[in-house]
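A note on names: the letters A, B, ... follow the listed sequences, proteins ahead of strands, and every chain is numbered from 1. No hydrogens, no waters, no symmetry mates; every other heavy atom, side chains included, goes into these values. What you are looking at is a predicted structure, and each value in this text was computed from that prediction instead of being measured.
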There are 2 protein chains.
Amino acid sequence: MENQGQGLHARVLESLGPAITSGTYPPGSVLRTDELEERFDVSRTVIREAIRVLESMHLVVSRRRVGVTVRPTEEWNVYDPQVIRWRLAGADRPRQLRSLTVLRSAVEPVAAGLAARLATPEQCEELTRHALGMVSTSRGQQLGAYLVHDVAFHRVILRASGNEMFARLGDVVAEVLTGRTEHQVMFTDPDPAAVTLHVRVAEAVRERDAARAEALTREITAGAMAELDILAP
Amino acid sequence: MENQGQGLHARVLESLGPAITSGTYPPGSVLRTDELEERFDVSRTVIREAIRVLESMHLVVSRRRVGVTVRPTEEWNVYDPQVIRWRLAGADRPRQLRSLTVLRSAVEPVAAGLAARLATPEQCEELTRHALGMVSTSRGQQLGAYLVHDVAFHRVILRASGNEMFARLGDVVAEVLTGRTEHQVMFTDPDPAAVTLHVRVAEAVRERDAARAEALTREITAGAMAELDILAP
DNA sequence: CGGCCAATTAAGTATGACGTTTGAGTCACA
DNA sequence: TGTGACTCAAACGTCATACTTAATTGGCCG
């Protein structure tokens with residue numbers, strides 16, 4: 001969905017990263033550069049650059065005389081988009097989807113409240129447009145088109161919040177929504193109630209009603225959590 | 001507060017990173033590797049490794065025949081702890097503190113609610129201990145000791161939430177709290193009301209009262225926002 | 001048995017050579 | 001004069017190799 005292996009070091013990364021995040025090399029495992037050099041049939045330079053990147057993601061730590069050691073899971077930079085992609089592609093995808101959905105449930109309502117205050121007229125218009133797009137694609141097995149509008153809607157909300165930290169979660173939300181459509185049940189058309197909620201959020205933002213926008217978004221994320229059987233107090 | 005320049009590439013990073021995030025090299029600027037090589041008096045190997053790391057943070061993009069170009073701010077991996085540190089150390093520290101405080105206000109209450117359900121007895125005990133520690137250090141210019149308990153308290157909440165995404169925000173919160181003590185007013189002792197709120201959160205978690213823990217934490221973060229003059233609806 | 005020293009190992013750094021991409025300039029032709 | 005293809009060179013990308021540094025291991029000596 002984003003970059004792709006241009007350059008050998010990227011190719012190595014796209015092989016090593018998933019191998020680490022998926023547990024093929026569990027925490028504590030030790031890799032040696034010359035071994036990798038041989039395995040990927042590339043030069044030392046390339047391996048070292050890949051290792052440096054993995055190190056900056058806190059996936060590994062490189063120490064002299066010992067090798068490149070995989071770090072414990074708790075220390076990984078789990079907000080790194082690349083790490084998120086690797087983990088979503090791996091075995092603990094369900095677990096990862098839950099974590100991210102909980103994060104969404106915390107962030108998106110607050111973002112919607114802020115968006116209601118700060119959204120530009122253009123952003124309001126975009127929101128409305130995508131909400132209506134969701135309505136018009138919510139029936140008749142148009143899940144692909146529906147997803148496009150859904151993702152765009154949430155991206156606009158996050159961006160319109162005016163908070164860069166929220167805005168950067170757009171990719172994460174996109175992954176979660178895409179993952180849900182691809183992997184989850186979702187054989188059937190989207191829940192009409194959810195569609196309506198999006199329309200009403202767009203309305204609330206347009207009318208600068210922060211409290212309502214937040215509350216409605218909270219309903220949306222609550223629905224997303226329910227889909228994954230996450231705690232329902 | 002974390003790693004330090006062990007290795008030349010790390011030294012280069014600690015110089016280039018802040019230079020980019022602080023705007024010394026604004027987006028669109030172009031760096032050439034051989035120029036950097038000379039400026040830092042290190043080999044290509046070292047420069048290239050540093051560049052790879054900056055690239056993985058989405059701070060720069062390296063293209064043939066053109067050089068290493070600084071990317072637009074919106075594309076930076078603003079959740080990377082190292083990027084956060086660099087930006088907090090730079091000129092737009094106030095702006096960064098606001099962004100992060102808003103993020104806290106979204107995440108921490110939800111985390112506290114989850115902690116109330118999931119915290120282990122040990123974590124409950126830790127919470128209580130740090131809350132009491134805050135009480136006992138809240139008077140008489142013991143800001144340093146107070147800060148230690150404050151940071152520890154919020155770390156436990158985030159970790160006890162059982163959500164790895166939340167848990168990894170512990171460092172961010174620590175930076176924000178530390179930054180407030182160091183840079184903000186805070187000449188005077190901490191607000192007694194805030195101290196009391198922490199004690200009550202610990203209580204609520206201990207009593208498994210998720211709604212109360214969430215609401216009380218929302219009050220804490222609202223206070224933090226008020227300190228920074230962030231919107232007060 | 002314990003502490004100290006040296007040998008070994010694997011990462012870190014430096015350097016020279018070559019390959020590859022691609023922007024930019026040039027030149028010819030319409 | 002404008003447009004097209006063609007050439008050139010600048011900058012990164014990759015490789016191979018030699019050397020340096022740090023840390024672990026293990027043996028030697030007290």
Side-chain angles (χ1 to χ4, degrees), chain A residues 2-17 19-20 24-72 75-76 82, chain B residues 2-17 19-20 24-72 75-76 82:
Chain A
E2 198 171 331
N3 57 352
Q4 185 60 282
Q6 51 185 12
L8 289 188
H9 74 95
R11 268 181 26 73
V12 172
L13 258 182
E14 287 303 318
S15 174
L16 273 185
I20 292 172
T24 303
Y25 301 107
S29 308
V30 175
L31 310 171
R32 264 168 306 118
T33 53
D34 52 339
E35 169 203 331
L36 297 172
E37 213 174 312
E38 182 186 4
R39 254 192 45 206
F40 291 100
D41 191 40
V42 293
S43 73
R44 187 118 168 255
T45 317
V46 172
I47 295 295
R48 298 192 87 265
E49 286 173 14
I51 295 295
R52 280 288 99 76
V53 173
L54 292 174
E55 202 172 41
S56 89
M57 294 168 173
H58 281 64
L59 291 184
V60 304
V61 61
S62 175
R63 273 164 15 205
R64 277 178 157 134
R65 167 66 201 218
V66 63
V68 176
T69 312
V70 178
R71 299 179 78 158
E75 299 177 4
W76 296 353
Q82 207 152 9
Chain B
E2 199 171 329
N3 57 353
Q4 186 58 282
Q6 52 184 12
L8 289 188
H9 74 95
R11 269 182 24 74
V12 173
L13 258 182
E14 287 303 318
S15 173
L16 273 185
I20 292 172
T24 303
Y25 301 107
S29 308
V30 175
L31 310 171
R32 261 168 307 119
T33 53
D34 52 341
E35 169 204 332
L36 296 172
E37 213 175 307
E38 182 185 4
R39 256 193 42 207
F40 290 101
D41 191 41
V42 293
S43 70
R44 280 201 298 296
T45 318
V46 172
I47 295 295
R48 297 191 89 269
E49 285 173 15
I51 295 296
R52 280 289 99 75
V53 172
L54 292 174
E55 203 172 40
S56 89
M57 294 168 173
H58 283 62
L59 292 184
V60 303
V61 61
S62 175
R63 272 163 17 206
R64 277 176 159 133
R65 167 65 199 215
V66 63
V68 177
T69 312
V70 178
R71 299 178 76 157
E75 299 177 3
W76 296 353
Q82 206 151 11

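Shown here is B:Glu38, whose CD atom has no more than 12 heavy atoms of other residues, nucleotides or ligands within 6.0 Å.
Across all strands, A:Leu31 comes closer than 4.0 Å only to sugar-phosphate atoms, never to a base (heavy-atom distances). As judged by a 4.0 angstrom heavy-atom cut-off over every strand, A:Arg48 is placed among the base-contacting residues. Heavy atoms of B:Thr45 sit under 4.0 angstrom from at least one base atom.
Residue B:Arg65 places no side-chain atom within donor-acceptor reach of the base of C:dA24, judged by atom type and a 3.5 Å distance cut-off alone. Remark: the B:Arg44 side chain and the C:dG16 base include a donor-acceptor N/O pair separated by less than 3.5 Å.
Atom pair B:Ile51:CD1 and D:dA11:P shows a separation of 14 Å (rounding to whole Å applied). Taking atom CD1 of residue B:Ile47 and atom C1' of nucleotide C:dG12, one finds them 15 Å apart after rounding to whole Å. As rounded to whole Å, 17 Å separates atom P of C:dT9 from atom CD of A:Glu37. Put simply, CZ on B:Arg11 is 16 Å from C1' on D:dT21, counting in whole angstrom units. Distance B:Arg32 CZ to C:dG23 C1': 15 Å, rounded to the nearest Å. Here C:dT13 presents its C1' atom at 11 Å from NE2 of B:His9, a figure rounded to the nearest Å. Atom CG in A:Leu36 sits roughly 9 Å away from atom P in C:dA11 (whole-Å rounding). Protein atom CZ of B:Arg64 is 20 Å distant from nucleotide atom P of D:dC8, rounded to whole Å.
Residue B:Ser62 has no polar side-chain atom (N or O) positioned under 4.0 Å from OP1 or OP2 of D:dA11. Residue B:Ser43 places at least one side-chain N or O under 4.0 Å from the OP1 or OP2 atom of C:dA14. Look at B:Thr33 and you'll find a side-chain N or O under 4.0 angstrom from OP1 or OP2 of D:dC12. A sub-4.0 Å separation between OP1 or OP2 of C:dG12 and a side-chain N or O of A:Arg52 is present.
How far CG of A:Leu31 is from CD1 of A:Ile47: 9.5 Å, rounded to the nearest 0.5 Å.
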(request) Tell me, with the steps shown, if A:Glu55 and A:Arg52 meet salt bridge (charged side-chain N to carboxylate O under 4.0 Å, His left out). (result) CA-CA 5 Å; A:Glu55 202 172 41; A:Arg52 280 288 99 76; 2.9 Å; yes

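A donor-acceptor contact shorter than 3.5 Å links the side chain of A:Trp76 to the backbone of A:Arg71.
You'll find the side chain of B:Ile20 reaches within 4.5 Å of the side chain of B:Leu54, heavy atoms only.
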